[in-house]
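Sequence lines set the chain letters: A, B, ... in the order given, protein chains first and strands last, and positions in each chain run from 1.
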Number of protein chains: 2
Amino acid sequence: MKLRRDPFQAIADPTRRAILVLLAAQTMSAGAIANNFDAARPTISKHLTVLSECDLIDSNQQGREIFYELKVDNMKKIDQWLEQFRKIWEDRFENLDNYLSQIQNKKK
Amino acid sequence: MKLRRDPFQAIADPTRRAILVLLAAQTMSAGAIANNFDAARPTISKHLTVLSECDLIDSNQQGREIFYELKVDNMKKIDQWLEQFRKIWEDRFENLDNYLSQIQNKKK
DNA sequence: TATATATGTAGCTATTTAGCTACGCAAATG
DNA sequence: CATTTGCGTAGCTAAATAGCTACATATATA
């Protein structure tokens with residue numbers, strides 16, 4: 001193996017996905033984030049480190065608190081990768097659509 | 001930890017992502033898939049097992065060959081999860097758009 | 001200034017992962 | 001019917017992961 005630090009790796013963990021969802025709503029301090037989970041605070045701290053390394057969040061200190069903010073740009077890479085599959089399921093939907101139209105026409 | 005068998009886990013590995021891309025184009029036999037990679041054939045076989053467990057591919061045997069086919073439906077789960085973030089970057093794009101319009105107007 | 005608070009780091013463990021070689025088995029072929 | 005071919009499984013290893021407790025450090029507060 002090899003340490004993978006990319007958005008795909010980042011979202012593989014459900015806790016990290018939940019953190020990202022939290023940060024999608026608002027910027028939050030490390031402690032505030034951790035309060036949303038059962039896991040120990042250092043565990044969440046580590047997840048935040050991973051998310052930073054995967055370049056999905058930014059941090060900035062304010063006093064003794066550290067605020068984390070979503071960096072939406074790298075999220076788009078997942079979206080872009082999905083593009084090629086999206087075409088397939090849209091095609092299938094179209095096919096289903098056509099099929100349903102055909103049934104409709106036969107009825108007429 | 002706990003064995004995670006979901007589409008997010010499936011696409012965390014780059015080899016598995018590449019397999020999915022291959023299968024997006026066409027159904028392929030296990031051997032044909034393996035030929036596209038440097039990894040040993042059993043390694044690819046294991047990735048195929050994981051992808052099956054994550055419910056992203058289907059297999060059916062034809063003679064001594066086993067053909068694998070993309071199951072696009074579970075891919076959509078990733079797409080659906082991304083939805084909430086897509087809103088954010090679309091908003092930002094709109095904001096940029098508005099900003100650019102304002103500049104345009106000022107020039108006029 | 002002593003204390004409380006916010007947060008990261010060190011260091012450990014159990015589990016999972018990705019990879020390999022060796023092997024087994026069923027289907028096709030000579 | 002012996003052999004080749006296609007493919008999964010067993011069993012191993014090194015590395016990564018996710019989790020924890022204990023500790024260090026810096027900032028705020030009494």
Discussion item. With the threshold set at under 4.0 Å for non-hydrogen atoms, list the residues of residues 41-65 of chain B touching DNA chain D in residue-number order.
Written reply: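 Those residues whose heavy atoms fall under 4.0 Å from DNA chain D, taken from residues 41-65 of chain B in numerical order, are B/R41, B/P42, B/S45, B/R64, B/E65.
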
Worksheet item: Which parts of residues 12-37 of chain B get close to DNA chain D, meaning a heavy atom less than 4.0 angstrom away?
Response: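 Going residue by residue through residues 12-37 of chain B, the ones with a heavy atom under 4.0 Å of DNA chain D turn out to be B/S29, B/A30, B/G31.
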
With [X] via side chain to side chain contact (heavy atoms under 4.5 Å, CB included) - residues at least two apart:
X     : answer
B/N60 : B/Q62, B/F67
B/D73 : B/K76
A/A39 : A/T43, A/I44
B/P14 : A/R4, B/R17

Using atom [atom1] of [X] as one end and atom [atom2] of [N] as the other, report the distance to the nearest whole Å.
X     : N      : atom1 : atom2 : result
B/R4  : C/dT15 : CZ    : P     : 15 Å
A/F67 : C/dT7  : CZ    : P     : 7 Å
B/L3  : D/dA18 : CG    : P     : 13 Å
A/D38 : D/dG19 : CG    : P     : 11 Å
B/I66 : C/dA28 : CD1   : P     : 12 Å

Discussion item. The criterion is ring-ring contact (aromatic ring centres under 6.0 Å, His included); which residues satisfy it with B/F8, sequence neighbours excluded?
Written reply: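 Testing B/F8 for ring-ring contact (aromatic ring centres under 6.0 Å, His included), a comparison that skips the adjacent residues, returns B/W81.
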
Discussion item. Once pairs are restricted to Watson-Crick or G-U wobble with both distances under 3.5 Å, how does DNA chain C read as a dot-bracket string, [ ] for crossings and | for other-strand pairs?
Written reply: ||||||||||||||||||||||||||||||

Worksheet item: Are any of B/Q9's side-chain N or O atoms less than 4.0 Å away from OP1 or OP2 of C/dT17?
Response: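 Yes.
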
Worksheet item: Looking only at side-chain N and O atoms, does B/R5 come under 4.0 Å of OP1 or OP2 in C/dT16?
Response: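 No, because none of the side-chain N or O atoms of B/R5 sits under 4.0 Å from OP1 or OP2 of C/dT16.
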
Worksheet entry | All pairs passing salt bridge (charged side-chain N to carboxylate O under 4.0 Å, His left out) where residues 42-54 of chain B contributes a residue, at least two apart |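 Qualifying pairs: B/R5-B/E53.
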
Practice prompt. Spell out, as yes or no, whether a donor-acceptor pair under 3.5 Å connects the side chain of A/R16 to the backbone of A/A10.
Written response: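 Yes; judged by distance alone, with no hydrogens or angles, the pair exists.
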
Worksheet entry | Flag, side chain of B/S52 to backbone of B/L48, donor-acceptor distance under 3.5 Å |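 Judged by distance alone, yes, a pair lies under 3.5 Å.
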
Worksheet entry | Residue list, side chain to side chain donor-acceptor pair (under 3.5 Å) with B/Q61, at least two apart or on another chain |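 Per chain and number, B/Q61 pairs via side chain to side chain donor-acceptor pair (under 3.5 Å) with no residue.
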
Discussion item. Going by the rule side chain to side chain donor-acceptor pair (under 3.5 Å), which residues pair with B/R86 if we only count those two or more places apart in sequence or in a different chain?
Written reply: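 B/R86: side chain to side chain donor-acceptor pair (under 3.5 Å) contacts with A/D79, B/D79, B/E83.
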
Discussion item. Under 4.0 Å, heavy atoms only, any strand: does A/Y68 hit a base, just the sugar-phosphate, or nothing?
Written reply: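 Since only primed, P, OP1 and OP2 atoms lie under 4.0 Å of A/Y68, the category is sugar-phosphate.
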
Discussion item. Just to verify, what does A/D55 make a salt bridge (Lys or Arg N to Asp or Glu O under 4.0 Å) with, not counting sequence neighbours?
Written reply: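 For A/D55 the salt bridge (Lys or Arg N to Asp or Glu O under 4.0 Å) partners, ignoring immediate neighbours, are A/K71.
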
